[in-house]
Trainee: 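Questions regarding the structure given below will be posed in turn.
Quick note: residue numbers are just sequence positions, from 1.
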Amino acid sequence: MTDLNTDGAWFKPRRYGLGTGTPIVWQGWALLGGYLAVAAVMVWVSHLSGGGPNGKALALFFALTAGFIELARRRTRGGWKWRWGGDD
C-alpha cells in the first residue's frame, strides 16, 4: 500500500471557517482518540473523587486541550486560515 500523504498532514482543513477538519491518516485519528480518552478518564476520576472538577484538574484539562489544538494546527494541510468554501 502506498502512502499518498507526502506533506505530513494529519488533518484536512475545514471547508468553511477556521480550524481543523477530519483526520486523514491514522496519526490524526490516534491523536483525536487519545485526547478524547484522556479527557474522559479525567472526568471519570473527578467524579470518583466526590465532586466537580477542582482547579488542578481544570488546569490540566486546559493544558491538554491547548496541546491538542496546537498539534492539530501544525498538522493541518495548508495550515489554519479563514476559508470560504473554495477549492483551497
Trainee: Taking C-beta and beyond as the side chain, do Leu60 and Met42 meet within less than 4.5 Å on heavy atoms?
Mentor: yes
Trainee: Using the rule that Ile, Leu, Val, Met, Phe, Trp and Tyr join whenever any side-chain heavy atoms are under 4.5 Å apart, tell me whether Val43 and Phe62 fall into a single cluster.
Mentor: no
Trainee: Grab the two heavy atoms, one from Pro23 and one from Gly28, that are nearest each other, plus how far apart they are.
Mentor: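 For Pro23 and Gly28, the tightest heavy-atom pair comes out as CB-C, 3.6 Å.
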Trainee: Going by heavy atoms in the side chains, are Thr20 and Trp10 under 4.5 Å from each other?
Mentor: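 No; the side chains remain at least 4.5 Å from each other.
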Trainee: Kindly assign one of parallel, tilted or perpendicular to the pair Phe11 and Phe68, based on the angle between their ring planes and the thresholds 30° and 60°.
Mentor: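 Because their plane-to-plane angle is over 60°, the rings of Phe11 and Phe68 count as perpendicular.
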Trainee: Looking at CH2 of Trp84 and CZ of Arg15, how far apart are the two atoms once the value is rounded to the nearest 0.5 Å?
Mentor: 14.0 Å
Trainee: Kindly give the heavy-atom pair with the smallest separation between Thr76 and Gly19, and that separation in Å.
Mentor: CG2-O, 4.4 Å
Trainee: Just how far is it from atom CZ of Arg73 to atom CG of Leu18, taken to the nearest 0.5 Å?
Mentor: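 So the gap between those two atoms works out to 10.5 Å.
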Trainee: Can you see which heavy atom on Arg83 is nearest to which on Arg14, and at what distance?
Mentor: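 Heavy-atom minimum between the residues: CD-O, 3.1 Å.
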Trainee: Of the options Val25, Leu31, Ile24, which is the one that meets Gln27 in a side-chain contact (heavy atoms from CB on, under 4.5 Å)?
Mentor: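 With Gln27 as partner, side-chain contact (heavy atoms from CB on, under 4.5 Å) holds for just one option, Val25.
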Trainee: Would Trp80 and Tyr16 show up in the same hydrophobic cluster when neighbours are defined by side-chain heavy atoms closer than 4.5 Å?
Mentor: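 No.
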